[in-house]
Each structure stands twice: as C-alpha cells, then as structure tokens.
Asker: 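Before I ask anything, let me first share the structure, which is written out below as structure tokens.
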Amino acid sequence: MTAPFSEATLATIEATVPALEAAGGQVVQCLYHHLLADPEIRSLFNMSHQEGESPQHKALAGAILAYAQNIRQPQVLAAAIERIAQKHVALQIMPHHYDAVEKALMAALGDVLVEAATPEIAAAWQTAYRFLASVLIDREKTLYEASASAPGGWDGWRRFVITEKHQETAEIASFVLKPVDGGGVAKHLPGQYLTVLLSITEAETVRRNYSISCAPNEDAYRITVKHAPQGKASGWLHTVAQVGDEIDVAAPAGHFYLDLKDKSEVVLVSGGVGLTPMISMLEATSGAGVPITYIHAARSGTHHAMGAHHRALADRSVVFYDTPEAADAVGVDYEHKGQISADWLADETKSKTADYYICGPTPFMRSIVTGLKARGVAAERIHYEFFGPESESF
C-alpha cells in the first residue's frame with residue numbers, strides 16, 4: 001500500500017498535522033454537516049451516533065489525523081483500513097458514495113481552515129483522499145465478489161423471513177432468519193455479523209449490524225439483540241417484529257472471527273450482550289480439540305442470556321455478576337461477584353500463550369485490552385470487536 005505521492009504532496013499533508021490536531025474535530029463536524037444534507041448518504045448512518053459528544057465524529061477525526069501523520073507509510077494503517085472496508089461492505093457502501101465524502105471533506109477543510117486552506121493544501125488532500133478511496137473501493141470490490149460467489153452467497157440486499165423469535169431475557173431476544181427465496185445461506189466465519197435493513201415506518205429505514213449468534217451452517221442465521229433505550233432498530237425488532245415478518249439482509253461481514261489454526265488455547269471474554277459472537281464461536285468450535293475458556297460478565301441472572309447453553313459448550317465457563325440477586329446461586333448461576341479484571345484473566349488463564357477474544361461495552365473492552373497488554377500479553381493475541389464506532393485504538 002505504498003502511496004504514489006510527490007514529495008510536495010507529502011510535505012503539504014504533513015504540514016497540516018498541527019492544524020488537524022487543533023481543529024480536526026471541527027473539520028469532522030463540518031464534514032458531517034455537509035454529508036448528511038444528502039438524503040441518500042444520511043440513510044447510511046445511525047443518527048444516534050451523530051448526537052452530543054459523538055464517538056463516530058471522534059473516530060473519524062482520529063482517522064484523518066492518523067492518515068496525515070502516516071502519509072509516508074500508510075501501510076501501518078492496513079489493519080484499520082481492513083476494518084473500515086468490512087464495515088463498508090456490511091452497510092453496502094458503493095463507489096459513488098466516496099464522491100460525496102470527497103465533496104464534503106473539501107468543503108469542510110475550506111470552512112474550518114479558511115485562508116489556511118490554500119489551493120496547494122486542497123490539491124494535496126484531494127490527491128491523498130482519492131488514493132485512500134481507491135484502496136478501499138478495490139478491497140470492498142473483492143469482498144463483494146467473494147460474498148456473491150460463495151455457496152449460498154449473494155450481492156446487495158436479500159430478503160429474509162423471521163422464522164423464530166425467542167426471548168432470552170427481558171431485554172435480549174434471538175431471531176432466526178431464513179431466505180424468502182428458499183435457498184441456502186453462505187457460511188459465516190464464527191464472530192462475524194449481519195447488516196439488516198429495517199423499515200421502521202413507511203418513510204424511514206435504518207441499517208444496523210448484529211453479530212450472528214449461531215454456528216456457521218447452510219440454512220439460516222440467528223441474531224441476538226438487546227433492546228437498547230431509544231433504539232429504533234432494536235425497539236422495532238423487540239416490540240413490532242413477529243415470526244413471518246420479512247427484512248432485508250446483507251451478506252455476513254467482519255474482521256473479528258475465531259480461527260483455531262495455530263491456537264493452543266482460546267479465552268473468550270464478554271460483557272452483557274457482547275456474548276453474541278462468542279456463542280457463534282463456541283457452537284462452531286466445541287469439541288474441536290483446542291481448550292476454550294469462556295468468561296462472561298452480566299449484571300445478574302435476570303440479565304444473563306444463554307447461560308446454560310454456553311456452559312454446555314465451553315471447556316470451562318466462569319461467570320461474574322456485578323449485582324447478583326437473591327435468587328442467584330454462587331457456583332450454580334455465577335462464580336464471582338464483581339467485575340472481570342485483566343489481572344484476574346492474566347492470573348487465571350495461560351496469558352503467555354492464550355489468544356483472547358473480547359466483546360462488550362467500550363469501557364469494558366478498554367479495561368481488559370489495555371490491562372492485558374500491561375500484563376505482557378502480545379497485541380497479536382488480543383482480538384476485539386466494537387458494536388458502535390471505533391473511537392480509539394486500545
């Protein structure tokens with residue numbers, strides 16, 4: 001991924017780093033102002049991520065700054081670019097969408113930097129953006145083609161019907177989805193997610209990513225969804241959707257998945273509804289010969305979904321309840337009161353050789369990931385997944 005930039009372009013981009021450090025947030029806020037004025041582009045976004053101290057805005061500001069700082073060696077951003085490409089494919093981002101982003105970015109740079117946005121700076125950033133866009137478009141094209149050519153695969157949106165709906169807890173429900181056309185489905189990688197397109201009202205559709213919570217198979221997918229406060233998509237699924245209803249689904253995507261190759265031990269760590277990709281991993285690998293320990297945190301038994309299921313699948317299950325209730329029995333429903341800590345994980349698992357897969361709320365993951373690194377666990381053995389925008393690197 002060597003960028004074919006002239007020395008003048010490289011120097012100009014690097015010269016904008018101080019301005020981006022100081023005003024990158026304003027640039028991104030202005031960029032989204034221009035971008036979301038387009039109804040087609042607006043429909044691609046979860047608008048709840050545009051409010052207040054938006055983690056999505058923070059993530060993009062950080063990404064733009066990182067690109068400028070590493071403009072001479074963009075290959076160091078390869079992992080981040082792969083994550084972005086996977087998310088774009090899940091959301092069905094197309095090449096023409098990049099034109100809208102370019103237009104918004106150039107307008108935002110002019111609005112915020114004003115006189116400092118010289119023709120030289122504008123030209124350099126246009127060149128840099130178009131190169132990055134071409135890298136993403138090429139990678140996304142490859143991913144789209146792979147999804148379409150896989151057995152049971154498809155391109156774009158495919159119509160699915162809800163064939164089963166199970167209430168796991170008062171706030172978590174599972175939905176089994178099968179193609180309306182009666183065909184098979186592509187086998188996902190355990191840990192990947194689906195993107196669903198839901199018609200909330202006649203005038204409003206939303207797109208959301210939900211982890212697949214079953215083993216790869218050729219017949220159906222299962223997603224397990226928490227009813228988020230004020231959540232449009234999760235609210236519709238919990239309170240409106242019924243068996244027999246149809247929704248549009250994009251093919252499985254995501255860089256977070258379990259591959260047992262070269263693994264000596266696997267430790268799955270989740271908090272709350274972060275258990276969904278872990279259930280897929282457990283169902284897919286149970287009895288495969290690699291020891292799997294599953295550590296899960298929930299508020300209490302009332303909020304603990306699929307407990308008996310994951311205990312039956314993992315070689316070892318350890319459950320933490322933050323605030324156990326009177327009906328929760330130690331040694332039966334849970335093992336420890338309190339929260340999972342990285343120190344406990346490092347002490348209770350083979351931290352020098354195990355691979356860790358982590359999913360849950362961002363503060364939970366930040367604590368575990370940074371703590372494991374502090375205890376000497378190599379970064380390449382720490383894998384994690386975000387539900388929302390990736391606001392920072394751990």
Asker: Without swapping roles, check the side chain of Asp245 against the backbone of Gln242 for a donor-acceptor pair under 3.5 Å.
Answerer: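 Here the side-chain-to-backbone pair exists.
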
Asker: If we only count heavy atoms from C-beta on, is the Lys103 to His34 side-chain gap below 4.5 Å?
Answerer: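 The answer is no; the side chains never approach within 4.5 Å.
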
Asker: Using modelled atom types and a 3.5 Å cut-off, is there a donor and acceptor pairing between side-chain atoms of Gln192 and backbone atoms of Gly254?
Answerer: yes

Asker: Report yes or no: does Arg311 contribute a side-chain atom to a donor-acceptor pair with the main-chain N or O of Asp333 at less than 3.5 Å?
Answerer: yes

Asker: How long is the gap from CG on Asn217 to NE2 on His188, to the nearest 0.5 Å?
Answerer: 7.0 Å

Asker: Grab the two heavy atoms, one from Ser351 and one from Tyr356, that are nearest each other, plus how far apart they are.
Answerer: CA-OH, 3.2 Å

Asker: Taking the side chain as C-beta and beyond, is there a heavy-atom pair between Thr224 and Ile172 under 4.5 Å?
Answerer: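 Yes, at least one pair of side-chain atoms sits under 4.5 Å.
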
Asker: So, do Ile81 and Arg139 sit near enough that their side-chain heavy atoms are less than 4.5 Å apart?
Answerer: no

Asker: Show, in sequence, the C-alpha distance, side-chain angles and deciding distance for Lys232 and Leu198, and conclude whether the side chain to side chain contact (heavy atoms under 4.5 Å, CB included) test is met.
Answerer: CA-CA 9 Å; Lys232 289 185 177 180; Leu198 306 176; over 6 Å; no

Asker: Would Phe160 and Ile200 show up in the same hydrophobic cluster when neighbours are defined by side-chain heavy atoms closer than 4.5 Å?
Answerer: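 In one cluster with Phe160: Ile200, yes.
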
Asker: Let's go through Tyr129 and Val101 carefully: what are the C-alpha distance in whole Å and the side-chain angles of both, what is the deciding distance for side chain to side chain contact (heavy atoms under 4.5 Å, CB included) to 0.1 Å, and is it a yes or a no?
Answerer: CA-CA 9 Å; Tyr129 172 81; Val101 175; 3.3 Å; yes

Asker: Might you point out which heavy atoms bring Cys30 and Val112 nearest each other, and give the distance in Å?
Answerer: CB-CG2, 4.1 Å

Asker: Please check: side-chain N/O of His255 versus main-chain N/O of Ala79, any donor-acceptor pairing under 3.5 Å?
Answerer: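 Not a single qualifying donor-acceptor pair exists.
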
Asker: Per the side-chain contact (heavy atoms from CB on, under 4.5 Å) rule, which among Val180, Leu194, Leu177 passes with Ile247?
Answerer: Leu177

Asker: Say you draw a straight line from CZ of Arg83 to CG of Leu77; how long is it, rounded to the nearest 0.5 Å?
Answerer: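 Taking CZ in Arg83 and CG in Leu77, the distance rounds to 10.0 Å.
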
Asker: What I'd like to find out is whether the side chain of Ser234 reaches to under 4.5 Å of the side chain of Tyr210, using heavy atoms alone.
Answerer: yes

Asker: Taking Leu136 as the starting point, is it possible to reach Leu143 by hopping between hydrophobic residues whose side chains are less than 4.5 Å apart?
Answerer: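 No, no single cluster joins them.
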
Asker: Go through it in stages, so that I can follow the logic: the residues are Ile382 and Val369, the test is side chain to side chain contact (heavy atoms under 4.5 Å, CB included), and I'd like the CA-CA distance, side-chain angles, deciding distance and then a yes or no.
Answerer: CA-CA 7 Å; Ile382 302 175; Val369 172; 4.0 Å; yes

Asker: Please examine the side chains of Val269 and Ile340, heavy atoms only from C-beta on, and report whether any two atoms are closer than 4.5 Å.
Answerer: yes

Asker: Using only atom types and a distance under 3.5 Å, with no angle test, would you say the side chain of Asp328 pairs donor to acceptor with the backbone of Gly301?
Answerer: yes

Asker: Does a side-chain heavy-atom distance below 4.5 Å link Asn70 with Gln73?
Answerer: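 Sidechains of Gln73 and Asn70: in contact.
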
Asker: Would Leu313 end up clustered with Tyr334 when hydrophobic side chains under 4.5 Å apart are linked, directly or stepwise?
Answerer: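 As far as the 4.5 Å side-chain criterion goes, Tyr334 and Leu313 are not connected within one cluster.
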
Asker: Please say whether more than 12 non-hydrogen atoms of neighbouring residues, nucleotides or ligands are located less than 6.0 Å from CD in Gln29.
Answerer: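 Result for CD/Gln29: open.
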
Asker: Nearest 0.5 Å, what's the OG1-CD distance between Thr302 and Glu325?
Answerer: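 If I round to the nearest 0.5 Å, the distance is 3.0 Å.
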
Asker: Answer yes when Glu7 and Arg72 have at least one side-chain N-carboxylate O distance shorter than 4.0 Å, and no when they do not.
Answerer: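 Here Glu7 pairs with Arg72 in a salt bridge, since their nearest N and O are under 4.0 Å apart.
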
Asker: Start with the C-alpha distance between Ser270 and Tyr294, add both sets of side-chain angles, then the distance that settles side chain to side chain donor-acceptor pair (under 3.5 Å), and finish with yes or no.
Answerer: CA-CA 8 Å; Ser270 63; Tyr294 182 34; 2.6 Å; yes

Asker: For the side chain of Glu204 and the backbone of Thr201, is there at least one donor-acceptor N/O pair under 3.5 Å apart?
Answerer: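 Not confirmed, Glu204 side chain does not pair with Thr201 backbone.
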
Asker: I'd like to know whether Val318 forms a side chain to side chain contact (heavy atoms under 4.5 Å, CB included) with His336, so could you lay out the CA-CA distance, the side-chain angles of the two residues, the decisive distance to 0.1 Å, and finally the verdict.
Answerer: CA-CA 8 Å; Val318 182; His336 299 282; 3.6 Å; yes

Asker: If hydrophobic clusters are built by linking Ile, Leu, Val, Met, Phe, Trp and Tyr wherever their side-chain heavy atoms come under 4.5 Å apart, do Ile279 and Tyr257 end up in the same one?
Answerer: no

Asker: Using the rule given for side chain to side chain donor-acceptor pair (under 3.5 Å), can you reason through Glu171 versus His303, listing the C-alpha separation, both sets of side-chain angles and the distance that settles it, and then say yes or no?
Answerer: CA-CA 8 Å; Glu171 58 186 1; His303 304 280; 2.8 Å; yes

Asker: Closest heavy-atom contact between Lys352 and Arg381?
Answerer: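 Heavy atoms only, the tightest pair is O-NH2, 3.3 Å.
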
Asker: Check Val266 against Leu260 and note the closest heavy-atom contact, atom names and distance.
Answerer: CG2-CD2, 4.0 Å

Asker: Do Ser280 side-chain atoms and Cys214 backbone N/O form a donor-acceptor pair below 3.5 Å?
Answerer: yes

Asker: Check Gly271 against His296 and note the closest heavy-atom contact, atom names and distance.
Answerer: C-CE1, 4.1 Å

Asker: With a 4.5 Å cut-off on side-chain heavy-atom distances among I, L, V, M, F, W and Y, is there a chain of contacts connecting Trp154 to Val161?
Answerer: no

Asker: Please check: side-chain N/O of Ser341 versus main-chain N/O of Trp344, any donor-acceptor pairing under 3.5 Å?
Answerer: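 Yes, because the side chain of Ser341 sits within donor-acceptor range (under 3.5 Å) of the backbone of Trp344.
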
Asker: Atom OH in Tyr193, atom OH in Tyr221: separation rounded to 0.5 Å?
Answerer: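 Interatomic distance, Tyr193 OH to Tyr221 OH, rounded to 0.5 Å: 14.0 Å.
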
Asker: Return the CG to CD1 distance between Leu36 and Ile41, rounded to the nearest 0.5 Å.
Answerer: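 The distance works out to 9.0 Å.
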
Asker: Once you round to the nearest 0.5 Å, how far does CZ of Arg222 lie from OG1 of Thr163?
Answerer: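 Going from CZ on Arg222 over to OG1 on Thr163, the span is 11.0 Å.
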
Asker: So, for Ile162 and Ala241, which heavy atoms are closest and what is the spacing to 0.1 Å?
Answerer: CD1-CB, 3.8 Å

Asker: Evaluate whether atom CD of Gln339 has more than 12 neighbouring non-hydrogen atoms of other residues, nucleotides or ligands under 6.0 angstrom away.
Answerer: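 Counting neighbours around CD of Gln339, 12 or fewer heavy atoms of other residues, nucleotides or ligands fall under 6.0 Å, so no.
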
Asker: If you count heavy atoms of other groups shown closer than 6.0 angstrom to CD of Glu218, is the number above 12?
Answerer: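 Check fails, neighbour count at 12 or below.
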
Asker: A side-chain contact here means heavy atoms from C-beta on lying under 4.5 Å apart; do Glu40 and Met94 qualify?
Answerer: no

Asker: So does His238 get a backbone contact from the side chain of Lys165, meaning a donor-acceptor N/O pair under 3.5 Å?
Answerer: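 Answer holds: yes.
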
Asker: Before accepting this row, confirm whether a basic side-chain N of the pair Arg375/Glu348 lies closer than 4.0 Å to the acidic partner's carboxylate O.
Answerer: no

Asker: May I ask you to decide if Ala123's main-chain N or O and Thr127's side chain share a donor-acceptor pair within less than 3.5 Å?
Answerer: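 It does hold such a pair.
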
Asker: Do Pro179 and Arg158 have side chains that approach each other closer than 4.5 Å (heavy atoms only, starting at C-beta)?
Answerer: yes

Asker: Do the charged groups of Arg159 and Asp181 touch, with an N to O distance under 4.0 Å?
Answerer: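 Between Asp181 and Arg159 there is no salt bridge, as every charged N stays at least 4.0 Å from the carboxylate O atoms.
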
Asker: Assess the residue pair Glu140 and His88 against the criterion (side chain to side chain donor-acceptor pair (under 3.5 Å)); give the C-alpha distance rounded to whole Å, side-chain angles, the decisive distance to 0.1 Å, and a yes or no.
Answerer: CA-CA 7 Å; Glu140 289 157 20; His88 282 184; 2.9 Å; yes

Asker: Check the surroundings of atom NE2 in His166: do more than 12 heavy atoms from other residues, nucleotides or ligands lie under 6.0 Å from it?
Answerer: yes

Asker: For the residue pair His304 and Tyr321, does the interplanar ring angle fall in the parallel (under 30°), tilted (30 to 60°) or perpendicular (over 60°) class?
Answerer: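 His304 vs Tyr321 ring planes: perpendicular.
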
Asker: In terms of the angle between their ring planes, are Tyr357 and His383 parallel, tilted or perpendicular, with boundaries placed at 30° and 60°?
Answerer: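 Parallel: the ring planes of Tyr357 and His383 meet at under 30°.
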
